[in-house]
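Because the structure is a prediction, the values reported are computed rather than measured. Only this structure's heavy atoms are used, side chains among them; waters, hydrogens and symmetry mates stay out.
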There are 2 protein chains.
Amino acid sequence: MKHNSNVPAFLTKLWTLVEDTDTNEFICWSQEGNSFLVLDEQRFAKEILPKFFKHNNMASFIRQLNMYGFRKVMHIDTGIVKQERDGPVEFQHPYFRQGQDDLLENIKRKVSNARPEDNKIRQEDLTKILASVQSVHSKQENIDARLATLKRSSGRTYMKRHNQMTGIVYRNISVFQRTTISWFLFLFLNRPILMNGNGKKPKFIHQIYDDKVCVEQVSKEWLLFTLCFSKVLFLSAALNKLEV
Amino acid sequence: MKHNSNVPAFLTKLWTLVEDTDTNEFICWSQEGNSFLVLDEQRFAKEILPKFFKHNNMASFIRQLNMYGFRKVMHIDTGIVKQERDGPVEFQHPYFRQGQDDLLENIKRKVSNARPEDNKIRQEDLTKILASVQSVHSKQENIDARLATLKRSSGRTYMKRHNQMTGIVYRNISVFQRTTISWFLFLFLNRPILMNGNGKKPKFIHQIYDDKVCVEQVSKEWLLFTLCFSKVLFLSAALNKLEV
DNA sequence: GGTTCTAGAACC
DNA sequence: GGTTCTAGAACC
C-alpha cells in the first residue's frame with residue numbers, strides 16, 4: 001500500500017484500520033466497499049482507537065471524520081429513520097473506497113481557518129457596505145442639492161435673459177415706433193400736396209383746407225397713413241402679447 | 001422535592017439522577033456539592049441514561065448539558081491540562097447545587113432560536129442593506145439622468161428663447177429702421193424745396209430736373225409705400241411664425 | 001493537523 | 001423541548 005505523502009495521517013490510519021482484517025470485528029468495509037462500519041462502538045473506542053490515535057474517544061474520532069467530509073450513513077427502515085440502538089455505525093466518503101487508496105488524496109480536510117475567515121469577511125463586507133451606503137447617501141444629497149440649485153439658477157438665468165430680451169425688444173420697438181411716427185407725422189404734415197393734377201404749383205396742407213380739389217387727395221393719403229400706422233400699432237401689441 | 005412546573009424535564013431528571021443514591025456508582029455530586037461526576041461513562045450511557053431519557057448516548061447527554069449552560073470541569077494538574085483517561089467526567093452549573101433544587105429554575109436553556117435569530121437578523125439587515133443600496137443606486141442613476149436632461153433642456157430652452165429674442169430684436173430693429181428710413185427718404189425727397197432763399201415760391205425736387213417727372217414721382221411714391229407696407233406685412237408674418 | 005469542548009441546525 | 005449529526009473554536 002503506497003500512500004501519497006500529502007495524504008493526512010488520519011486518512012492513512014483510517015484506511016489501514018478499516019483494511020486490516022485483524023480489526024474486522026470492530027471496524028470493517030461495508031459490503032459494497034463504499035463505506036465502513038464500526039461494529040462495537042464502545043470496545044472500538046477503548047481498545048482500537050488508542051492504538052492508532054492519541055485518544056480513546058468516539059467523539060474525537062467522529063469529529064475527525066466530519067472534518068474530512070465523512071458523513072454518517074443513516075439507515076432508513078419503513079419510511080422513518082430507525083437507528084437501531086447499539087447497532088453498527090456507518091460512515092461514508094466518496095473518495096474512501098475499498099481497494100482504491102489512490103482516491104484518498106482527493107479527501108480534503110475542511111480548513112478550520114476558512115469559516116472564521118468567512119465570518120470576518122462577512123463582517124468586513126458589512127462594514128464596507130455600510131460605509132458604501134453612507135457614501136452613496138451623502139453623494140445623493142449632494143446631487144440633490146446641486147439639482148435644486150441648478151433648477152433655481154436655470155430659472156433665474158432664463159428669466160434674466162428673458163427679461164433682457166423683452167426689454168430690448170420693447171425698448172427698440174418703442175423707440176423706432178416713436179421715431180417713425182414722429183418723423184412720419186412731422187414730414188407728412190409738412191409735405192406738399194403733389195396730386196393736384198393740373199400742373200399747378202404744389203400747396204402745403206395748411207394751404208389747401210379750402211381747396212376742394214385737394215381734399216379728396218389728402219383723405220386718401222390719410223387713409224393710407226392710418227392704415228399703415230395701425231399696422232405698426234398692431235404689431236407692437238402682438239409683440240407685447242408674445243412676451244407675456 | 002418540589003419542583004417548579006416551569007423547570008424543564010431535563011433538569012429535574014438530572015437532579016433526580018444525581019441526587020439518587022442508587023446511581024451513585026455512575027453519577028453523583030462532587031465533594032463540594034457544586035458539580036456532579038459521571039464515574040463510568042460507558043456503563044452510565046448504556047445502563048442509566050435509557051432509564052431517564054430517550055437515548056443511551058453520552059454525546060446526547062452532554063449536548064443537553066451544554067444546552068443548559070453546564071460546563072465540563074477541567075482538571076488541571078501540575079500546570080497543564082491533564083485529563084486522565086477513562087477518569088470521571090465532571091460538569092458544573094452555578095445554579096446546579098446539592099440540596100438547592102430551588103435554584104434550578106434559574107437555569108435557562110439556551111434558546112436555539114436566539115442564535116439563528118441573530119443570524120437571521122443579520123441576514124435580514126444584510127438583505128435590507130442590499131435592497132437599500134440598490135434602491136439608492138437606481139435613484140442616483142435617475143437623478144443623474146434628470147440632471148443631464150435638465151442641463152441639456154436648460155441649454156436648449158435658453159438658446160431657443162435667446163434666438164427668438166435676438167431674431168425679434170434684429171428683425172424689428174431692421175424693419176423699423178428700414179421703415180423709418182424709407183418713409184424718411186420718401187417724404188424727404190418729396191418735400192418742397194423751401195429754402196431757396198430768394199423769397200420765391202418753393203419748388204419740388206422734380207421740378208428742378210423736369211416738370212414732366214410728376215408721373216414718375218407718383219410711381220416712386222407708390223413704390224416706396226409698397227415697399228414699406230410689405231415690410232410691415234413681412235414683420236407680422238415673422239411674428240406669426242414665432243407664435244407657432 | 002489532531003483533540004477536546006461547545007454550539008448550530010435539522011428533525012422529532 | 002429532546003435527540004442527533006455536524007461544525008466552530010480553542011488549544012495542543
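In this structure, the CD atom of A/E90 is 12 Å from the P atom of D/dC5, given to the nearest Å. The interatomic distance linking B/H75 (NE2) with C/dC5 (C1') rounds to 14 Å, in whole Å. One interatomic measurement links the two molecules: CZ of A/R109 to C1' of C/dG1, which rounds to 5 Å at whole-angstrom precision. Nucleotide C/dC5 holds its C1' atom 7 Å from the CE atom of B/M74, rounded to whole Å. B/F70 has its CZ atom 13 Å from the P atom of C/dA7, to the nearest Å. Rounded to a whole Å, the NZ atom of A/K110 is 3 Å from the P atom of D/dA7. Summarising the geometry, the separation between CD on B/Q64 and C1' on C/dT6 is reported as 14 Å, rounded to the nearest angstrom. Look at NZ on B/K72: it is 19 Å from P on D/dA10, rounded to the nearest Å.
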Result block: side-chain N/O donor-acceptor pairs under 3.5 angstrom for residues 48-60 of chain B, not counting sequence neighbours:
residue	atom	partner	partner atom	Å
B/H55	ND1	B/N57	N	3.1
B/H55	ND1	B/N57	O	3.2
B/N56	ND2	A/D86	OD1	3.1

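The stretch residues 34-63 of chain B comes close to DNA chain D through B/F53, B/K54, B/H55, B/N57, B/S60, B/R63, each having a heavy atom under 4.0 Å from the strand.
Between B/Y68 and D/dG1 there is no side-chain N or O to OP1 or OP2 distance below 4.0 Å. Distances shown here put a side-chain N or O of A/R71 below 4.0 Å from the OP1 or OP2 atom of D/dA7.
For A/R43, the salt bridge (charged side-chain N to carboxylate O under 4.0 Å, His left out) partners are A/E47, not counting sequence neighbours. Under the ring-ring contact (aromatic ring centres under 6.0 Å, His included) criterion, A/F91 pairs with no residue at all, not counting sequence neighbours. Every residue two or more places apart in sequence or in another chain was checked for a side chain to side chain contact (heavy atoms under 4.5 Å, CB included) with A/Q31, and none qualifies. Residues meeting the side chain to side chain contact (heavy atoms under 4.5 Å, CB included) test with B/L39, sequence neighbours left out: B/C28, B/L37, B/P88.
Checking B/R97, B/R71, B/E32 one by one against B/Q92, the side chain to side chain contact (heavy atoms under 4.5 Å, CB included) holds for a single residue, B/R71.
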